[in-house]
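To start, the structure under review is shown below, and the notes come after it.
Along the sequence shown, residues are numbered consecutively beginning with 1. Atoms within a ligand are numbered from 1 in the order they appear, just like the ligands themselves.
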Amino acid sequence: MNYGLKDKVVVISGGTSGIGLATARLAVADGARVFLIGRSEENGLSALGILDADPEMVKFIQADVSTIDGCQSAAEAVNKAAGRVDILVNSAGVYREQWRELVTEDEYQEIMDINVKGTLFLCQVMLPLMTEHGSTIINIASDAGLEGNYGCPVYCASKGAVVALTRALALDYAPRIRVNCVCPGDVATPLVEKQLAAGDYTLEEMAEPYPIGRIGQPEEIAHVICSLASPFNSYMTGSIVPVDGGLTAK
Ligand SMILES: NC(=O)c1ccc[n+]([C@@H]2O[C@H](COP(=O)([O-])OP(=O)(O)OC[C@H]3O[C@@H](n4cnc5c(N)ncnc54)[C@H](OP(=O)(O)O)[C@@H]3O)[C@@H](O)[C@H]2O)c1
């Protein structure tokens with residue numbers, strides 16, 4: 001696949017797992033220089049092993065995007081190594097189920113800090129490094145940011161905020177920087193593995209409402225992310241793109 005990403009500097013929060021890691025794989029194959037951000041060093045080193053790429057082309061940055069300090073340290077590391085950012089993918093995120101009447105302040109804070117604050121402040125610190133006309137940001141929200149889901153009100157609120165943030169940033173930074181958002185349905189990643197292990201439903205039950213008849217694969221989301229990031233895709237900004245096997249078409 002030629003996305004036109006050769007020699008582009010791509011920063012992926014949550015690049016050590018799931019959708020972010022699949023995006024890294026496609027970007028590396030296209031000749032991009034990729035930085036993976038995550039908290040766990042073990043997962044970071046494992047991701048580097050899976051990608052098995054030239055160490056000059058893929059680097060792991062250990063940082064927690066839920067804090068402004070964490071975002072800043074990640075930006076400093078990218079600036080030192082590459083001096084610029086062409087593409088920022090905000091894929092770091094957590095999913096938690098909790099009924100509305102049981103949500104605690106700590107649970108609210110964790111989800112909002114990673115999913116919303118992390119997305120906003122990583123954009124803020126990376127934007128000064130996005131000096132090239134045609135630089136682009138792709139935020140990862142969810143079908144849960146487009147419509148309600150049962151038993152996860154804070155997650156829904158956090159992803160709705162990412163959708164709104166995307167539109168606001170697209171207006172603020174046009175025409176220099178394009179900002180778009182991908183809204184996956186359920187995707188077979190460690191996030192969903194944990195969800196299934198903690199929930200009282202099966203993979204088959206999870207897949208049942210999807211018109212395509214199954215949940216997604218990380219590569220199917222990564223392909224759309226790389227297509228949005230591609231310089232060939234020069235007229236698209238402020239767009240919210242469902243990639244959900246038809247779930248939200250109903
Ligand atoms: N999988 C799905 O069904 C699905 C559906 C809709 C939307 N999404 C969204 O897609 C995105 C990626 O999900 P996924 O399924 O790929 O999840 P995943 O496999 O659990 O990966 C999450 C990634 O985010 C990183 N991360 C989490 N908190 C972080 C923090 N505070 N600072 C830096 N990195 C952090 C994780 O690394 P560390 O834990 O090491 O930090 C990991 O690399 C998320 O925003 C998720 O909400 C997923």
If you count the non-hydrogen atoms of other residues, nucleotides and ligands that lie under 6.0 Å from OH in Tyr210, is the total more than 12? yes
Keeping to residues at least two apart or across chains, list the ring-ring contact (aromatic ring centres under 6.0 Å, His included) pairs with something in residues 155-185.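 Passing the test, one end in residues 155-185: Tyr95-Tyr155.
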Sequence-distant partners of Tyr235, side chain to side chain donor-acceptor pair (under 3.5 Å), two or more places apart: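 Scan of Tyr235 (side chain to side chain donor-acceptor pair (under 3.5 Å), adjacent residues dropped) gives none.
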Does Glu132 come within less than 4.0 Å of Arg84, counting only side-chain N to carboxylate O?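 Here Glu132 does not pair with Arg84 in a salt bridge, since their nearest N and O are not under 4.0 Å apart.
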Electrostatic pair Glu220:Arg214 at N-O distance under 4.0 angstrom: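 Salt bridge between Glu220 and Arg214, a charged N being under 4.0 Å from a carboxylate O: yes.
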Tell me which residues fall inside the under-4.0 Å heavy-atom shell around ligand 1. Gly14, Thr16, Ser17, Gly18, Ile19, Gly38, Arg39, Ser40, Asn43, Ala63, Asp64, Val65, Ser66, Ser91, Ala92, Gly93, Ile114, Ile140, Ala141, Ser142, Tyr155, Lys159, Pro184, Gly185, Asp186, Val187, Thr189, Pro190, Leu191, Val192
Side-chain donor-acceptor distances from residues 111-122 under 3.5 Å, at least two apart:
{"unit_1": "Asp113", "atom_1": "OD1", "unit_2": "Gln109", "atom_2": "NE2", "d": "3.2"}
{"unit_1": "Asn115", "atom_1": "OD1", "unit_2": "Val94", "atom_2": "N", "d": "2.9"}
{"unit_1": "Asn115", "atom_1": "ND2", "unit_2": "Val94", "atom_2": "O", "d": "3.1"}
{"unit_1": "Asn115", "atom_1": "ND2", "unit_2": "Ser158", "atom_2": "OG", "d": "3.1"}
{"unit_1": "Lys117", "atom_1": "NZ", "unit_2": "Ser66", "atom_2": "O", "d": "3.2"}
{"unit_1": "Thr119", "atom_1": "OG1", "unit_2": "Asn115", "atom_2": "O", "d": "2.7"}

